> 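Quick one: this structure, given as structure tokens, is what I'll be asking you about.
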Amino acid sequence: MSLADQIFVSMCEDIIANGVSTEGEKVRPKWEDGTSAYTIKKFGVVNRYDLSKEFPALTLRRTAIKSCTNEMLWIWQKKSNNIHDLKSTVWDEWADETGSIGKAYGYQMGVKHQYKEGMMDQVDRVIYDLKNNPFSRRIMTNIYVHQDLAEMHLYPCAYSMTFNVTTRPGTDKLVLNAILNQRSQDILAANNWNVCQYAVLMHMLAQVCDMEVGELVHVIADAHIYDRHIPLVQELITREQHPAPTFWLNPDIKDFYQFTEDDIRLDNYVTGPQIKNIPIAV
């Protein structure tokens, strides 16, 4: 069965059984009807996914792989902060009348910085170092820029990627590993969405840098389940689990900026039914 399912179920069971409730606290999120949205949460959840063994898409329910990839490319490839460049509607709540979400996410990825090798943004710097300095311990991105927080319509949730390259017995290719740091996560709505999009990113970067994929380590500071999501999660984690799907990435693409969501595919992806109309706290 899918390791991603097992990790997800174990995490949710732990949060529900051993988490801390925020009920009674002064909380920011509200439900659509205006009532406070409380959570049960765990601090410092760490999940590890070996991408060389399987692609970590849940089979308990379907993860929209092309949609989550489109959002990842919106940030990492288009370096956009405008929802008009995005195919999904997940950011509509935070966009202004022009479609902008402020100096957040893709905006930060596109800011160029001076290095001794010249001017580069964070994405180009990662690709440059993976190709030229693969064993560097300084290959990372960070979009939680304090000087710009006041101009962000939403503070970044998944804010940092740290890349680390290793070797593996039996292969001449280097192995790409990464840590995804996330300050806060709505487990039902966003957990596997984020895991899948950063797994896709690692596959893409590995391919264009002539590497193999290794581990994706997901660190969540505040892993929470909203009060109105608890019965949905309890039902979800009792579902039948299926084998992990097979990930396909167009092998002809060697330039990161040429990838689209149509260059990826999940084959043999058998899942349970989707959960529709999940209430989202804003």
Side-chain angles (χ1 to χ4, degrees), residues 1-49 56-61 63 68 71 90-91 93-94 104-105 142-146 149-150 152-162 178-199 215-239 241 272 274-282:
M1 296 297 101
S2 165
L3 178 60
D5 286 337
Q6 297 171 36
I7 291 173
F8 183 82
V9 169
S10 176
M11 173 180 60
C12 290
E13 288 177 339
D14 185 36
I15 293 172
I16 292 172
N18 303 307
V20 177
S21 174
T22 64
E23 189 171 1
E25 296 180 9
K26 183 179 180 181
V27 295
R28 176 192 55 80
K30 297 284 191 288
W31 295 112
E32 190 174 353
D33 60 13
T35 59
S36 294
Y38 297 112
T39 67
I40 184 167
K41 69 177 189 177
K42 287 291 297 268
F43 166 72
V45 170
V46 180
N47 294 323
R48 306 182 78 104
Y49 305 89
L58 286 185
T59 73
L60 301 169
R61 63 166 175 161
T63 295
C68 73
E71 184 194 47
V90 295
W91 285 95
E93 293 284 348
W94 291 279
Y105 286 89
N142 178 30
I143 60 174
Y144 205 92
V145 179
H146 286 261
L149 289 178
M152 298 183 189
H153 300 178
L154 177 69
Y155 289 7
C157 295
Y159 66 90
S160 174
M161 280 286 278
T162 303
I179 297 174
L180 169 63
N181 278 295
Q182 193 150 2
R183 63 169 179 83
S184 172
Q185 186 173 71
D186 177 342
I187 294 299
L188 178 62
N191 179 259
N192 200 239
W193 178 277
N194 289 142
V195 169
C196 285
Q197 60 189 179
Y198 283 91
E215 272 197 299
L216 170 62
V217 180
H218 189 193
V219 180
I220 313 168
D222 189 306
H224 53 265
I225 300 174
Y226 278 100
D227 51 357
R228 296 185 185 181
H229 292 177
I230 291 174
L232 300 175
V233 170
Q234 289 173 323
E235 186 277 327
L236 178 64
I237 62 178
T238 63
R239 291 181 177 181
Q241 299 178 24
Q274 189 53 274
I275 301 176
K276 297 182 179 180
N277 302 317
I278 296 174
I280 300 297
V282 177

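Predicted model only: the values in this text are computed from it and were never measured.
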> Is a side-chain N or O of Asn181 found less than 3.5 angstrom from the main chain of His218, in a donor-acceptor match?
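Not at all, since once roles are kept as given, no pair shorter than 3.5 Å links the two residues.
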> Taking side-chain hydrogen bond (donor to acceptor under 3.5 Å, both in side chains) as the definition, give me every residue that meets it alongside Thr35, ordered by chain and number, with sequence neighbours left out.
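Residues passing side-chain hydrogen bond (donor to acceptor under 3.5 Å, both in side chains) with Thr35: Asp33, Arg228.
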> Test your reading of the model: is there a side-chain donor-acceptor pair from Thr238 to the backbone of Glu235, 3.5 Å cut-off?
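Yes, because the side chain of Thr238 sits within donor-acceptor range (under 3.5 Å) of the backbone of Glu235.
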> Nearest 0.5 Å please: distance from the CD1 atom of Ile7 over to the SG atom of Cys12.
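Between atom CD1 of Ile7 and atom SG of Cys12 there are 12.0 Å.
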> Taking only residues two or more places apart in sequence, or in another chain, which ones meet Ala158 in a side-chain contact (heavy atoms from CB on, under 4.5 Å)?
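If we apply the side-chain contact (heavy atoms from CB on, under 4.5 Å) test to Ala158, skipping adjacent residues, the hits are Leu180, Gln182, Tyr198.
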> Among all residues two or more places apart in sequence or in another chain, which pass the salt bridge (Lys or Arg N to Asp or Glu O under 4.0 Å) test with Arg61?
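Arg61 satisfies salt bridge (Lys or Arg N to Asp or Glu O under 4.0 Å) with no residue once adjacent residues are dropped.
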> Determine whether a donor-acceptor pair (N or O, by modelled atom type, separation under 3.5 Å) exists between the side chain of Arg239 and the backbone of Leu60.
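Side chain of Arg239 to backbone of Leu60, a donor-acceptor pair under 3.5 Å: yes, one is there.
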> Once salt bridge (Lys or Arg N to Asp or Glu O under 4.0 Å) is applied, do any residues pair with Asp222, and if so which ones, sequence neighbours excluded?
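So Asp222 forms a salt bridge (Lys or Arg N to Asp or Glu O under 4.0 Å) with Lys41.
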> Do the non-hydrogen side-chain atoms of His224 and Ser184 ever get within less than 4.5 Å of each other?
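A side-chain contact under 4.5 Å exists here.
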> Measure the shortest side-chain to side-chain distance between Val20 and Lys42 over non-hydrogen atoms and say whether it is less than 4.5 angstrom.
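They are not in contact (no side-chain heavy atoms under 4.5 Å apart), so the answer is no.
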> Is there a donor-acceptor contact under 3.5 Å from the side chain of Asp5 to the main chain of Thr59?
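Such a contact is found between Asp5 side chain and Thr59 backbone.
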> Nearest 0.5 Å, what's the CD1-CD1 distance between Ile40 and Ile225?
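Reported value, rounded in 0.5 Å steps: 7.0 Å.
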> Is the number of heavy atoms from other residues, nucleotides or ligands within 6.0 Å of CD (Gln6) greater than 12?
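Yes, enclosed.
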> Has Gln274 got more than 12 heavy atoms of other residues, nucleotides or ligands less than 6.0 Å from its CD?
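Count over threshold, so yes.
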> Counting C-beta onward and ignoring hydrogens, is there a side-chain heavy-atom pair between Asn47 and Val219 closer than 4.5 Å?
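The answer is no; the side chains never approach within 4.5 Å.
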> Do His229 and Trp31 have ring centroids that are under 6.0 Å from one another?
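Yes; His229 has its ring centre under 6.0 Å from that of Trp31.
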> Under 4.5 Å between any side-chain heavy atoms of Leu236 and Phe8, yes or no?
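Leu236 vs Phe8: side chains touch.
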> Could you check whether any side-chain N or O of His153 sits under 3.5 Å from a backbone N or O of Trp94, counting only pairs where one atom can act as donor and the other as acceptor?
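Side chain of His153 to backbone of Trp94, a donor-acceptor pair under 3.5 Å: yes, one is there.
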> Of all residues at least two apart in sequence or in a different chain, which pass the salt bridge (Lys or Arg N to Asp or Glu O under 4.0 Å) check with Arg183?
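Arg183 satisfies salt bridge (Lys or Arg N to Asp or Glu O under 4.0 Å) with no other residue.
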> Just jot down the salt bridge (Lys or Arg N to Asp or Glu O under 4.0 Å) partners of Glu71, sequence neighbours excluded, or say none.
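None.
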